[in-house]
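Since the structure comes first, as structure tokens, the remarks are kept for the end.
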Amino acid sequence: MEKTAEVLFNHRRLTVLAIKMTLICLAFLSAFALRFDLVIPGEYWSTITALIVPLLLIKLLVFRQMGLSTGWWRYVSLADALSIFKANLVASVLFIVYVSLVHRLDNVPRSVLVLDGVLCFLFACGIRLLTRAYREDYLPFFSRSGGSRTRILVIGAGNAGQAIVRELRQNPDLNMEAVGFLDADPTKQQKSFQGVKVLGGTHELELICKAYRVDEVIIAIPSASGRAMQDLVTLCQTAGVKFKTLPGVGCLIDGRVSVQQLRDVDMEDLLGREPARLEMEEIGRYLTGKRILITGAGGSIGSELCRQVARFKPSRLILYEHAETALFYIENELRALFPQLNVLPVVGDIRDMARVDSIFAESAPEVVFHAAAYKHVPMMECNPAEAANNNVRGTRVLADAADRHGVRNFVMISTDKAVNPTNVMGASKRAAEVYVQNLARRSMTHFVTVRFGNVLGSNGSVIPTFREQIRQGGPVTVTHPEVTRFFMSIPEAAQLVLQAGSMGNGGEIFLLDMGSSVKIVELAETMIRLSGFKPYEEIDIEFTGLRPGEKLYEELLIGGEGIKPTRHEKIRVAASTETDWDGLNRRLDDLYEASRHYQTAEVLARLQELVPEYRPVPRFPSGEVERMESFTSV
């Protein structure tokens, strides 16, 4: 059987031609048979013999000219049926004209000509439908799958769920079988979609999994909230079945759903937030066709900004990155995803004034997204001079270059740790904010700052750390049982940064809506459960104490900044603060001198001058920071 199928496939064109000729002849004979109650009188056989060759020539030529020789029968659709109808109508009319002109309709019943056209259309559609039914395993006696298949239950009978079931049917090689849908919508109960029945509501998951011997559950609700996802995950865990999900609607940019996108449920799903509403026209107005420079292009936020910006078709995308390997990966990714995009990878340090100035002179960027920064809080506590030099002076060098070279928009990425900072990293970012805000008053460049909290899955964040600890069998380490943090996904943060950049006039600090804060210990417990373990039993959680510079909770607003809504529901704006310009520059020069000579105590003192709300929390014995920084700077 397999050898026969292989031979037919290798001679596909001849096979299809033979089938078409057979169907055309069969339709013509069937038309006569129907006309004469299945018994064709003898005097008509000579007519049939005389007309069969012209009939084949006319119909095959028309079918070829009207595109019926292209396409795969296994993917037949309503559009194909319409094409078949048109082709058969044209072919039948031409055949009737031929019979009328050449044979004068002698010995040819008029009803046969009409029946022939109808039957030929039905046979052509039927053979294609049978092919598709065979390919998608709708024919029980001709199943293409060998052995047992993974039995799939799909939660969500909407567009995404139906797309998944359709693909499972069209790709038997996946060796998966959809046994049914579950959907909370009562109007869908007991209905069938794509030939698969809605078996009940989501609350019946455990019973249905047992009754239908379900092996795996697919959660096909891209718009599900975090709370809803948590409930569904709990139901799947109670039922003891594997489960996967699709990316959220914010990640399904083109709206297309595929089995290839299925993945394990992760924390982004359980902390799920409403997808960001983007004003695509406004964003496109300042990005499309422009020269865009992104610093820190290989980092978590920087690389996602590159992906999001690339969608708006800039004339050139300049990737500025100090880390060679990270730059290599994001450049390759962008070239693969956006082959028409003009990408310029630049290895450089934002503190190198000559390098920055040369890139601005050569590439003349019109928009700058400044994401380069040292962000690791405990590490920067050990290296305050480096934090000050990179985060403060690096931003100053970059902002000054943008001002000198007439950049139109400059968007600085900041952090909630800049609010009432207790650590060097936060204080250095706040000092950078102050400089950018005050430069905006003296520049034609629109300088804005975007401030937000932690992003899920970013380099050095708790999610990858917890995941690795769970992989090693625990324990999972949490600093404090009461510590809380704000979280958002990397794509959402990048999208809202683009949105905020389109809204600024200069000097504003935009605050992204971070939603509710999350207890880190609860996040750790959820991750352990997602990994199939029981917290405190199979995987323990240990509390290690707050690390240097850490707070129990984060804030997004400094007292006195004031806050106003914007036209976007997820973005607010804080009032800018004004500082004596000459005094600010003197203090920044002093900070640079102290950091250049690695004078740690002086660096901390200068940071406190620049950021009066900075309240450092001592975590090291006297002299320990100096020794550690001396070591790390060698």
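Counting begins at 1 with the first residue of the sequence.
One distance of note links CD of Glu366 with CZ of Arg316; it measures 11.5 Å at 0.5 Å rounding. The distance from the OH atom of Tyr435 to the OG1 atom of Thr579 is 12.5 Å, given to the nearest 0.5 Å. For the atom pair CG of Leu319 and OG1 of Thr295, the computed distance is 11.0 Å after rounding to the nearest 0.5 Å. Note that NZ of Lys429 is 8.0 Å distant from CD1 of Ile413, once rounded to the nearest 0.5 Å. Taking CG from Leu591 and OG from Ser595, the interatomic distance works out to 5.5 Å, rounded to the nearest 0.5 Å. In this structure, Ile470 CD1 and Glu468 CD are separated by 10.0 Å, a value rounded to the nearest 0.5 Å.
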Worked verdict on Phe510 versus Val448 for side-chain contact (heavy atoms from CB on, under 4.5 Å) = CA-CA 7 Å; Phe510 289 103; Val448 299; 3.9 Å; yes
Go through the steps for Glu333 and Arg307 under the test side-chain contact (heavy atoms from CB on, under 4.5 Å), then give the verdict.
-> CA-CA 9 Å; Glu333 181 184 336; Arg307 298 180 193 102; 2.5 Å; yes
Tell me, with the steps shown, if Arg596 and Asn389 meet side-chain contact (heavy atoms from CB on, under 4.5 Å).
-> CA-CA 7 Å; Arg596 192 164 67 92; Asn389 198 5; 5.9 Å; no
Evaluate side-chain hydrogen bond (donor to acceptor under 3.5 Å, both in side chains) for Tyr598 paired with Glu386, printing each intermediate quantity in order.
-> CA-CA 8 Å; Tyr598 293 97; Glu386 286 297 322; 2.7 Å; yes
Can you list the steps and then say if Asn391 with Val424 is a side-chain contact (heavy atoms from CB on, under 4.5 Å)?
-> CA-CA 10 Å; Asn391 293 356; Val424 170; over 6 Å; no
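In this structure the side chain of Arg430 never reaches within 4.5 angstrom of the side chain of Ser428, judged on heavy atoms. Between Asp349 and Val356 the shortest side-chain heavy-atom distance does not fall below 4.5 Å. The closest side-chain heavy-atom distance from Arg451 to Val419 is below 4.5 Å. Residues Asp580 and Leu584 form no side-chain contact, since every pair of their non-hydrogen atoms from C-beta on lies 4.5 Å or further apart. The closest side-chain heavy-atom distance from Val450 to Ile509 is not below 4.5 Å. Using a 4.5 Å cut-off on side-chain heavy atoms (C-beta onward), Pro314 and Leu287 make no contact. A heavy-atom distance below 4.5 Å is found between the side chains of Leu498 and Leu305. Between Phe452 and Asp416 the shortest side-chain heavy-atom distance does not fall below 4.5 Å.
With Ser414 contributing its side chain and Thr449 its backbone, the two residues share no donor-acceptor pair below 3.5 Å. At least one donor-acceptor pair closer than 3.5 Å links the side chain of Thr415 to the backbone N or O of Lys417. A side-chain donor-acceptor contact under 3.5 Å links Ser358 to the backbone of Arg355. Under a 3.5 Å cut-off, the side chain of Asn423 and the backbone N or O of Pro378 do not form any donor-acceptor pair. Checking side-chain atoms of Arg393 against main-chain N and O of Arg351 turns up a donor-acceptor pair under 3.5 Å. With hydrogens and angles ignored, the 3.5 Å screen pairs a side-chain donor or acceptor of Arg291 with a backbone N or O of Ala364. Of the possible polar contacts, none joining the His597 side chain to the Gln599 backbone as a donor-acceptor pair under 3.5 Å is found. Looking at Glu321, its side chain never comes within 3.5 Å of a backbone N or O of Gly348 through a donor-acceptor pair. Proximity of a side-chain donor or acceptor of Thr288 to a complementary backbone N or O of Phe312 within less than 3.5 Å is detected. When atom types are taken as modelled, the side chain of Ser303 and the backbone of Ser300 share a donor-acceptor pair closer than 3.5 angstrom.
Taking all atoms of both residues into account, the shortest heavy-atom contact from Val407 to Phe360 is CG2-CE2, 3.5 Å. Of all the heavy atoms in Lys375 and Met425, the pair that sits closest is O-CE, 3.3 Å. For the residue pair Ile541 and Ala524, the shortest heavy atom distance occurs at CD1-CB, 4.1 Å. Nearest approach of Gly501 to Val411, heavy atoms of both residues: CA-CG2, 3.8 Å. Between Tyr320 and Ile359, the shortest heavy-atom distance links the atoms CE1-CG1, 4.1 Å. Minimum interatomic distance between Met412 and Ala432 (heavy atoms only, all atoms of both residues): CE-CB, 3.5 Å.
Using a 3.5 Å distance cut-off with no hydrogens or angles, the side chains of Gln499 and Gln495 do not pair a donor with an acceptor. In this structure, a donor-acceptor pair under 3.5 Å is absent between the side chains of Gln437 and Glu433. A donor-acceptor contact under 3.5 angstrom links the side chains of Gln469 and Thr477, judged on distance only. Side-chain N/O atoms of Glu525 and Tyr536 include a donor and acceptor closer than 3.5 Å.
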Validation: residues 334-346 side-chain donor-acceptor distances under 3.5 Å, sequence neighbours left out:
from	atom 1	to	atom 2	distance (Å)
Arg335	NE	Glu331	OE2	2.9
Arg335	NH2	Glu331	OE2	3.0
Arg335	NH2	Val343	O	3.0

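Ion pairing of Arg404 with Asp357 is present here, as a side-chain N (NZ or NE/NH1/NH2) and a carboxylate O approach within less than 4.0 Å. A salt bridge links Arg396 with Asp589; the closest basic N to acidic carboxylate O contact falls under 4.0 Å.
Within a 6.0 Å sphere centred on OH of Tyr329, other residues, nucleotides and ligands contribute 12 heavy atoms or fewer. Remark: Gln472 CD is packed, more than 12 non-hydrogen atoms of other residues, nucleotides or ligands lying under 6.0 Å away.
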